[in-house]
Amino acid sequence: MTTFTPATADETLATVAWAAAEESPLEILGQGSKRGIGRPLQTEHTLDLTKLSGVTLYEPAELVLSAKAGTPLAEIEKLLAENGQQLAFEPLDYGPLLGGEKGKGTIGGVLAANLCGPRRLRAGAARDHILGIAAVSGRGEAFKSGGRVVKNVTGYDLSKLMANSWGTLAVLTDVTFKVLPAAETEVTLALRGLLDDHAAAAMALALGSSAEVSSAAHLPERVAARVAGGSLGSTAATLLRVEGFGPSVAYRIAALKDLLGNAGPLEEISGEISRSVWRDIRDCAPFADGLEKPVWRVSMAPAQGHQMVLALRMQAAVDAFYDWQGGLIWLRMEQDDPEADLLRGLVRQYGGGHATLVRAAPSHRAAVPVFEPQAPQLATLSARLKAEFDPKAILNPGRMA
C-alpha cells in the first residue's frame, strides 16, 4: 500500500490525476476519526491530507474563515473561541464513539460528512454554513465553487453538493465557512423523570413557544448518568437549552418554567456543566464505551421517534436517547444487531426517515447497506453525479453504496 501525503493543492491535484490515469482507487483520509463509518474500502493507495493544513483567512469582523481541508477542527475551534466566535452548527466528534481520540477530525471532513450537533434545529448543519470550496474531482481536475462572502453565489450549490458525499465525489483542498458570535450565556432547563412520550410532548411544547429554545434532547433513565461525568444522576432528563444575552436567557427560562411547570420537577443547569452535557449529547458519549455493540443513527419526524423505538424494543434489546426534539435517535443494540430491514421497515412504518449504521464490525458493515438506501429516482441522480465527478470510481469506492 502507498500513502500519499500532499502538502499543497497542486500536489493533491497531481496525485489524483495520476490515480485517474492509472484507474487506481484511493482512500481519502484526513485524521481518520470517521474512517469506521461506511462500507469497508478495498484500496491499494491512501491519500492522507493531514499535511494540507492551516488557516488561510480569518476575518472576525466579516464572520468568515478559510482553511485547508486537512486543518484539525480542534485548531479552528480554539481560534474561534479566542475571538468569541464559533461554528454555530457545532460539528460532532465521532472519534470516541468509534474508539479513537477526541478532537481528531478535520475541517474538510466536517463538510464531507455534513456534521452538526444539538443546535441543528436552529443553526442547521455544515452545508448551511459553507461559503466556498476548492477541490479536485475524480477526473483529476481542480475546480472552485462559491467564494468568501455570502453575496458571491457563483457555484454556491456545488459547495453544498460536497456535503454528505463522504469523499466519493471530490477531494476537498480548501473550504470557507461562515462563523457566528458565540452566545454570552447558556442555561439548560431539565425536566426530570419523564417517559419518552411525555418528553416528546414537552419538547414540542417548548419548541413551539416564544422561548427560542436552541436545543432539545431527552435522555431516558440510566442514559442520563452517562453524560457530563454523571452530574445529572440516573433519572431521566429532558433538556432544553436557551442561549443569548444574560437578561434575555433569564426571561426565556422563566417563561419555560411557567409553561412546563406541571410537567414534572425542573432544574437549571448552567456554566461548564451545561456545555459538557451538550458536548456529550453531540458526540453520542452515552454509547462511546466500547466497540462491541452496533450503534445506529436514525433521523425521522420528532413526534414519531419514540413510537418507533417502542416498537423496536418489542423485537430487540436496544438502548436509545433522543436529540433534535426527538427527531434524531441514537440506538445501541444490546445483543445481536437486528436485521437492517427490521429497523428501516419500522422507520418507514412510523412516517419515514433515514437510518445509518454508524458503528459495527467491518464484516457487518460489508454485509448491510450502511447508509439509507435511496429511492430509485434519487439513486439514478446520484449515479449520474458520481459519473460526472468521478467516472472511473477511484475516490473512496464503495464506501456509500
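Bear in mind the structure is a predicted one, so any value in this text is a computation, not a measurement.
- A donor-acceptor pair under 3.5 Å is formed between the side chain of Gln85 and the backbone N or O of Pro60.
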Self-check item: Trp278 and Thr188: CA distance, side-chain angles, deciding distance, side chain to side chain donor-acceptor pair (under 3.5 Å) verdict
Solution: CA-CA 9 Å; Trp278 289 105; Thr188 297; 2.8 Å; yes
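- Across all their heavy atoms, Ala123 and Ala88 have their closest contact at CB-O, 3.6 Å.
- Judged by distance alone, the side chain of Arg39 and the main-chain N or O of Ala366 form a donor-acceptor pair under 3.5 Å.
- In this structure, the side chain of Ser299 does not engage the main chain of His354 through any donor-acceptor pair within 3.5 Å.
- The only member of Met300, Arg297, His306, His218 that meets side chain to side chain contact (heavy atoms under 4.5 Å, CB included) when paired with Ile329 is Met300.
- A donor-acceptor contact shorter than 3.5 Å links the side chain of Arg359 to the backbone of Lys293.
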Practice problem: Kindly determine whether Leu312 and Met333 satisfy side chain to side chain contact (heavy atoms under 4.5 Å, CB included), including the steps that lead there. | Solution: CA-CA 10 Å; Leu312 180 61; Met333 304 307 170; 4.3 Å; yes
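- Under 4.0 Å is where a charged nitrogen must lie from a carboxylate oxygen, and between Lys51 and Glu11 no such pair does.
- In Phe245, the CZ atom is not crowded: 12 or fewer heavy atoms of neighbouring residues, nucleotides or ligands sit closer than 6.0 Å.
- From Leu65, atom CG reaches atom CG of Leu57 across 7.0 Å, with rounding to the nearest 0.5 Å.
- Contact detail for Asn114 and Ala125: the closest heavy-atom pair is OD1-CB, 3.6 Å.
- Of the options Leu80, Ile76, Val64, Leu79, a side chain to side chain contact (heavy atoms under 4.5 Å, CB included) to Val179 is made by Leu80 and by none of the others.
- Under the ring pair (Phe, Tyr, Trp, His ring centres under 6.0 Å) criterion, His45 pairs with Phe4, Trp18, sequence neighbours left out.
- Arg241 and Glu90 are joined by a salt bridge, as a carboxylate oxygen and a charged side-chain nitrogen come within less than 4.0 angstrom of each other.
- Nearest heavy atom pair, residue Arg122 against residue Val213, reads CD-O, 3.2 Å.
- No donor-acceptor distance shorter than 3.5 angstrom exists from the side chain of Asp258 to the backbone of Ala255, with no hydrogens or angles considered.
- Other residues, nucleotides and ligands place more than 12 heavy atoms under 6.0 Å from the CD atom of Glu82.
- Of the residues Leu395, Thr15, Thr173, Leu172, the one that meets the side chain to side chain contact (heavy atoms under 4.5 Å, CB included) test with Val136 is Thr173.
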Quiz item: Hey, mind stepping through Asp48 and Thr50 against side chain to side chain donor-acceptor pair (under 3.5 Å) and telling me if it holds?
Solution: CA-CA 6 Å; Asp48 183 336; Thr50 52; 2.8 Å; yes
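- Environment of CG in Leu381: crowded, with over 12 heavy atoms of neighbouring residues, nucleotides or ligands closer than 6.0 Å.
- No donor-acceptor pair under 3.5 Å is formed between the side chain of Arg35 and the backbone N or O of Leu29.
- Looking only at distances, no side-chain donor or acceptor of Asn396 sits under 3.5 Å from a matching main-chain atom of Thr168.
- Residues satisfying the ring pair (Phe, Tyr, Trp, His ring centres under 6.0 Å) test with Phe89, not counting sequence neighbours, are His129, Phe177.
- With Arg127 contributing its side chain and Asn164 its backbone, the two residues share no donor-acceptor pair below 3.5 Å.
- Checked for salt-bridge contact, Arg275 and Glu272 meet the test: a charged N lies under 4.0 Å from a carboxylate O.
- Rounding to the nearest 0.5 Å places CZ of Arg252 at 9.5 Å from OG1 of Thr185.
- Ion pairing between a basic and an acidic side chain is recognised when a charged N comes within 4.0 Å of a carboxylate O; Glu334 and Arg313 show no such pairing.
- At distances below 3.5 Å, at least one donor-acceptor pair connects side-chain atoms of Thr12 with backbone N or O atoms of Thr8.
- A donor-acceptor pair under 3.5 Å links the side-chain atoms of Asp93 to the main chain of Gly103, judged by distance alone.
- Using a 4.0 Å cut-off between charged side-chain N and carboxylate O, Arg384 and Glu388 make no salt bridge.
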Practice problem: Verify side chain to side chain donor-acceptor pair (under 3.5 Å) between Thr46 and Thr3, making sure each step is shown before the conclusion. | Solution: CA-CA 5 Å; Thr46 298; Thr3 299; 4.5 Å; no
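- The heavy-atom pair separating Leu13 from Ala142 by the smallest distance is CD1-N, 3.8 Å.
- Salt bridge annotation for Arg192-Glu267: present, with a cationic side-chain nitrogen under 4.0 angstrom from a carboxylate oxygen.
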